[in-house]
Amino acid sequence: MPLRTVRPFLAILAVAGLAACTATPDNSAPSSGGPTSSSSASQGTSSSPAPDTETTAPAPSPSAPPAPTAGPGAGNAELAIMVKLSPTEPSVSYTLVCRDGVPAAESKHPKADAACAALKKNAALLSPAPKNAGRVCTEQYGGPQTATVTGIVDDTPVDAVFALTNGCEIAAWTAAEDVLGATGGAA
């Protein structure tokens with residue numbers, strides 16, 4: 001092929017390749033009718049979103065039911081309470097069932113009357129403040145006792161752990177003492 005015919009062919013091929021590489025924002029090829037102008041009005045009239053636009057809302061994150069606020073509650077509870085007085089002693093377990101602040105017959109708890117009354121008086125009693133790195137607690141040791149309480153108080157799930165390892169935990173134990181059914185160590 002003579003050089004005179006190759007040059008125009010290469011120029012046409014280059015222009016065609018350049019046109020294919022410079023697509024408009026909506027990914028369509030530019031029109032051959034000269035320079036294109038884009039305006040926000042013409043771009044906003046498209047009925048389909050741009051390919052990188054999220055078209056679904058993210059699912060809400062699962063959340064625990066809100067903890068009860070301090071104050072009077074209905075006094076309904078079904079709890080399993082396990083208290084360990086020391087690492088060498090076996091744990092002691094109680095069942096506490098309350099209806100309207102009164103212990104039900106199936107309760108097996110040493111202070112059932114006081115425990116049900118305490119839960120009716122303060123529904124948040126078994127929802128101690130979450131551990132927080134910025135929270136300041138006194139450095140004192142109240143003893144090796146630990147307690148675990150699981151169940152439901154006024155339709156709110158309870159899964160609480162109590163210990164006596166610092167002033168904040170001693171205060172939570174003391175507040176829930178009637179429900180725990182055991183006295184803490186040095187207070």
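Side-chain contact between E169 and Q140: absent, with no pair of heavy atoms (C-beta onward) separated by less than 4.5 Å. Side-chain contact between D113 and P103: present, with at least one pair of heavy atoms (C-beta onward) separated by less than 4.5 Å. Looking only at side-chain heavy atoms (C-beta outward), N76 and V153 stay at 4.5 Å or farther from each other.
Heavy atoms only, all atoms of each residue included: A118 and L125 are closest at CB-CD2, 3.9 Å. The two residues G181 and P110 come nearest to each other via the heavy atoms O-CG, 3.9 Å. Minimum interatomic distance between G73 and A123 (heavy atoms only, all atoms of both residues): CA-CB, 3.9 Å. When all heavy atoms are compared, the tightest approach of E89 to K84 is O-NZ, 3.2 Å. The shortest heavy-atom contact between A147 and V83 is CB-CG2, 4.1 Å.
Atom CG of D178 is separated from atom NZ of K121 by 9.5 Å, given to the nearest 0.5 angstrom. In this structure, the separation between CG on L180 and NE2 on H109 is 7.5 Å, given to the nearest 0.5 Å. Between Y141 atom OH and L164 atom CG the span is 8.0 Å, to the nearest 0.5 Å. Interatomic distance, OG1 of T148 versus CD1 of I81, reported as 10.5 Å (0.5 Å rounding). A distance of 9.5 Å separates OG1 in T95 from CG in L79, rounded to the nearest 0.5 Å.
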Pair K120-C98, side-chain contact (heavy atoms from CB on, under 4.5 Å): steps then yes or no: CA-CA 9 Å; K120 184 167 179 128; C98 306; over 6 Å; no
Stepwise side-chain contact (heavy atoms from CB on, under 4.5 Å) check, V102 with C116: CA-CA 6 Å; V102 177; C116 290; 5.9 Å; no
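Cluster annotation: V97 and Y94 are assigned to distinct hydrophobic clusters (Ile/Leu/Val/Met/Phe/Trp/Tyr, side-chain heavy-atom contacts under 4.5 Å, transitive). M82 and F162 are members of different hydrophobic clusters when ILVMFWY side chains are connected at heavy-atom separations under 4.5 Å. Clustering ILVMFWY residues whenever any of their side-chain heavy atoms sit less than 4.5 angstrom apart, transitively, puts V92 in the very cluster that holds L126. In the hydrophobic clustering of ILVMFWY residues, with side-chain heavy atoms under 4.5 Å counting as a link, L85 and W173 come out together.
Remark: E106 CD is packed, more than 12 non-hydrogen atoms of other residues, nucleotides or ligands lying under 6.0 Å away.
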